[in-house]
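All chains are named by letter (A, B, ...) in the order of the sequence lines, taking the proteins before the strands, and each is independently numbered beginning at 1.
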Amino acid sequence: MLQGVSIKHLNQHLGEEVMLQGWLYNKRSSGKIQFLILRDGSGLVQGVMVKKEVDQETWAKANSLTQESSLRVWGIVREEPRAVGGYELQVTRLEIISLAAEYPITHKEHGVDFLADRRHLWIRTPRQSAILRIRSEIEHALREFFYQREFVLADAPIITPAACEGTTTLFEIDYHGNPAFLSQSGQLYSEATALALGKVYCFGPTFRAEKSKTRRHLMEFWMLEAEMAFYDLDDNMRLQEEMIMFVIDRVLHRCREDLKTLGRDTDRLASISVPFPRLSYTEAVELLRQKGVAFEWGDDFGAPEETLISENFNAPVFVHRYPTALKAFYMKPDPNQPEVVLGADLLAPEGYGEIIGGGQRIDDLTLLEQRLDEHGLPREAFEWYLDLRRYGSVPHAGFGLGIERTVAWICGLDHVREAIPFPRMLYRMYP
RNA sequence: UCCUCGAUAGCUCAACGGUAGAGCAUCCGGCUGUUAACCGGAGGGUUGCUGGUUCGAAUCCAGCUCGGGGAGCCA
């Protein structure tokens, strides 16, 4: 079977007769002419059929087409400024593959609830398809970035015997009669692979069982976590900003049409450059106070504070050296200022909040043991992790990038649920 | 877990104490350049559930169910 050409590449076939396979996105007709809007996953194109130029059977087949019916069409590619995308297909022949039943998603407005219940169909709309193509480009760019820098992709387990950080609520599963948990982070394992392989990353789903119900939260989300031996906090931040620039550059160059479909203001992305602004936690608190917010040193930033801070800059902004009490047990204290840790979060612009959390890890065995005790974590479960400090410990650092939040920011979405094909949310896991 | 908003035709909404309506979708008819096409016609309802107030409830009250937005937590 011939594969046909994809709508995206029609401009390479001007004047030729081609075959297209796809679905009917929309149809407009008058007595003697029909406009068939086709989609094939790569874009939309308008097919035109004139009654007197085709046989009766072809005309009748086109007439009977319902929204989302699958079909094959043959026709000649022409430039046509009046049509979507600037090209159209003069249809000569048409084959119905499957006539669709009455389609629930119309071209009028729908509520989020209705669409979410039909996510498996919602993703066929131009907007949702554009988002998913951009997500794909972002994931591909990330993998290529790390490949070019000779990182080893070392995947972390999803089923884990204990909480990684001991802070968040995890999904518990039954592991042949024993309790186990779905991973909330691959970081601890990445520290092990980094000490084996030097520079590593893992990329996979992570799970948080907290009853979070906001536009920035999913129960299941994808995270890219990098971990590097012999990296300090500054090396870590430099790598992150280069990674973000690489991704933005890729999306701007390769997803122009999709960004246009989304109505994204690309100037705001194109104007971003390195180095990203760096602000210590203490300076950030100072900034908030200048803006009239009553904020106590030692408190954590909520979403409103993050937005206020990021509003001050056009690029993503690093906030580093948080108070020790706010961060996970493995964060290395700053030798010059032991009450803060060598960690940094990256806040996306335009109020999209934290997209990266990371920092330098404790490399001293005694201090790490002390921190486990302070956090009330069971030493036995972490013996393997402590081994990493017993056998050739080195300074090392890493970070985790939340994919859906990054996609939401780059696409300009108002909710992360549109940034993943099938979102898992507090009160929704269908379909 | 808490705060807040909501549920009426397949969909999006209107009717706010007095006979439940529009646009779209569907079906039928018309139209040779449509752009969420347009024009004419038809079918389509236990107003989320349970109870209460009232001569009378989609409308007012209470409880329940399901969901949206947000807080906390985080990516």
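- Across every strand in view, B:C2 sits in a pair with B:G70 that passes the Watson-Crick or G-U test at under 3.5 angstrom.
- Relative to the six-membered ring of A:Trp122, A:Arg119 meets both conditions, a distance below 6.0 Å and an angle of at most 45° to the axis.
- Atom-to-atom, NE2 of A:His217 to C1' of B:C74 comes out at 5 Å; the value is rounded to the nearest Å.
- Residue contacts for A:Thr406: at a heavy-atom cut-off of 4.0 Å it reaches no nucleic acid atom on any strand shown.
- A:Gln46 comes within contact range of at least one nucleobase, with a heavy-atom separation under 4.0 Å.
- Nearest nucleotide to the side chain of A:Lys213, out of B:U1, B:G68, B:C74: B:G68.
- Within 4.0 Å of A:Ala303, counting heavy atoms only, lie sugar-phosphate atoms of the nucleic acid but no base atom.
- We find that CD of A:Glu220 is positioned 16 Å from C1' of B:C74, with the value rounded to whole Å.
- Only the C1' atoms considered, B:A22 is 23 Å distant from B:G30, to the nearest whole Å.
- Neither side chain, A:Glu227 nor A:Gln187, offers a donor N or O lying under 3.5 Å from an acceptor on the other.
- Contacts of A:Glu88 with the nucleic acid, taken as non-hydrogen atoms under 4.0 Å apart, include base atoms.
- Taking atom CD1 of residue A:Ile33 and atom P of nucleotide B:C38, one finds them 17 Å apart after rounding to whole Å.
- In this structure, CZ of A:Phe221 is placed 12 Å from C1' of B:C73, rounded to the nearest angstrom.
- For B:C24 and B:G40, the P atoms lie 9 Å apart once the distance is rounded to whole Å.
- Separation of the C1' atoms belonging to B:G10 and B:G52 is 33 Å when rounded to the nearest angstrom.
- For A:Glu418 (side chain) and A:His415 (main-chain N/O), no donor-acceptor pair under 3.5 Å exists by modelled atom type.
- Picking from B:G69, B:A71, B:A75 the nucleotide with the shortest atom distance to the side chain of A:His415 gives B:G69.
- Residue A:Arg417 has no polar side-chain atom (N or O) positioned under 4.0 Å from OP1 or OP2 of B:G67.
- The ring of A:Phe301 has its center closer than 6.0 angstrom to the ring center of A:Phe295.
- Proximity note for A:Ser30 (side chain, C-beta onward) versus B:G69, B:U32, B:G72: the nearest is B:U32.
- Side-chain atoms of A:Glu144 and A:Gln148 include a donor-acceptor pair closer than 3.5 Å.
- Although no hydrogens or angles enter the test, the distance criterion places a donor-acceptor pair under 3.5 Å between the side chain of A:Thr206 and the main chain of A:Phe221.
- Distance A:Leu426 CG to B:U1 P: 10 Å, rounded to the nearest Å.
- Of all nucleotides present, only B:C28 satisfies the Watson-Crick or G-U wobble test against B:G40, with each distance under 3.5 Å.
- B:A7 and B:G17 have their P atoms separated by 16 Å, given to the nearest Å.
- The aromatic ring of A:Phe35 does not sit over the base of B:G33; the criterion of centres under 5.5 Å apart with planes under 30° is not met.
- A donor atom on one side chain and an acceptor atom on the other are not found under 3.5 Å apart for A:Arg82 and A:Gln46.
- A distance of about 29 Å separates the P atoms of B:A62 and B:G21, rounded to the whole Å.
- Looking at heavy-atom distances under 4.0 Å, A:Glu80 makes contact with a base.
- At whole-Å resolution of the value, CD in A:Glu210 and C1' in B:A71 are 14 Å apart.
- Nucleotide B:A14 has no partner under the Watson-Crick or G-U criteria, as no pair reaches both atom distances under 3.5 Å.
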Protein-nucleic acid N or O pairs under 3.5 Å, nucleotides 4-14 of chain B:
unit_1 : atom_1 : unit_2   : atom_2 : d
B:C11  : O2'    : A:Glu109 : O      : 3.1
B:C11  : O2'    : A:His110 : ND1    : 2.5
B:U12  : OP1    : A:Gly111 : N      : 2.9
B:U12  : O4'    : A:Glu109 : O      : 3.3

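- Straight-line distance between the P atoms of B:A15 and B:C31: roughly 40 Å, to the nearest whole Å.
- For the ring-ring contact (aromatic ring centres under 6.0 Å, His included) with A:Phe203, the lone residue among A:Trp222, A:Tyr147, A:Phe146 that qualifies is A:Trp222.
- Of the candidates B:A75, B:G67, B:A71, B:G67 carries the atom nearest the A:Tyr427 side chain, counting heavy atoms from C-beta on.
- RNA chain B is contacted by both A:Met223 and A:Lys52; A:Lys52 maps to the nucleotide lying nearer its 5′ end (nearest heavy atom per residue).
- Summarising the geometry, the separation between CE on A:Met331 and P on B:C74 is reported as 11 Å, rounded to the nearest angstrom.
- Within 4.0 Å (heavy atoms only), A:Asp345 reaches no atom of the nucleic acid at all.
- You'll find a donor-acceptor pair under 3.5 Å spanning the side chain of A:Arg405 and the base of B:C74, going by distance alone.
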Does the pair A:Ile244 and A:Trp409 meet the rule for a side chain to side chain contact (heavy atoms under 4.5 Å, CB included), with working shown? CA-CA 12 Å; A:Ile244 295 288; A:Trp409 161 49; 4.0 Å; yes

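- If you check B:G33, B:U34, B:U32 against the side chain of A:Lys32, the one that comes closest is B:U32.
- Rounded to a whole angstrom, the distance from the P atom of B:U34 to that of B:G29 is 24 Å.
- Base-pair partner of B:A7: B:U65 (Watson-Crick or G-U wobble, both distances under 3.5 Å).
- Outside the 6.0 Å centre-distance limit, the rings of A:Tyr201 and A:Phe145 are not counted as a close aromatic pair.
- Distance from the side chain of A:Arg82 is smallest to B:U34 among B:C74, B:U34, B:G67.
- If you check every strand for non-hydrogen atoms under 4.0 Å, A:Arg78 touches a base.
- Shown here, B:U47 forms no base pair; nothing in the strands shown gives a Watson-Crick or G-U wobble contact with both key distances under 3.5 Å.
- Within the 4.0 angstrom heavy-atom criterion, only backbone atoms of the sugar-phosphate kind lie near A:Ile356; the bases stay farther away.
- Across B:A20 and B:C13, the matching C1' atoms stand 13 Å from one another, rounded to whole Å.
- When Watson-Crick and G-U wobble pairs are counted only if both distances are under 3.5 Å, B:A57 pairs with no nucleotide at all.
- In this structure, A:Gly302 and A:Gln90 both approach RNA chain B, and ranking their closest nucleotides by distance from the 5' end singles out A:Gln90.
- In this structure, the side chain of A:Thr307 engages the main chain of A:Ala303 through a donor-acceptor pair within 3.5 Å.
- Listed nucleotides: B:C73, B:A75, B:G67. Nearest to the side chain of A:Asp113: B:G67.
- Per the geometry, CG belonging to A:Leu347 stands 13 Å off C1' belonging to B:C74, to the nearest Å.
- Taking only distance into account, the side chain of A:Lys51 never meets the base of B:U32 through a donor-acceptor pair shorter than 3.5 Å.
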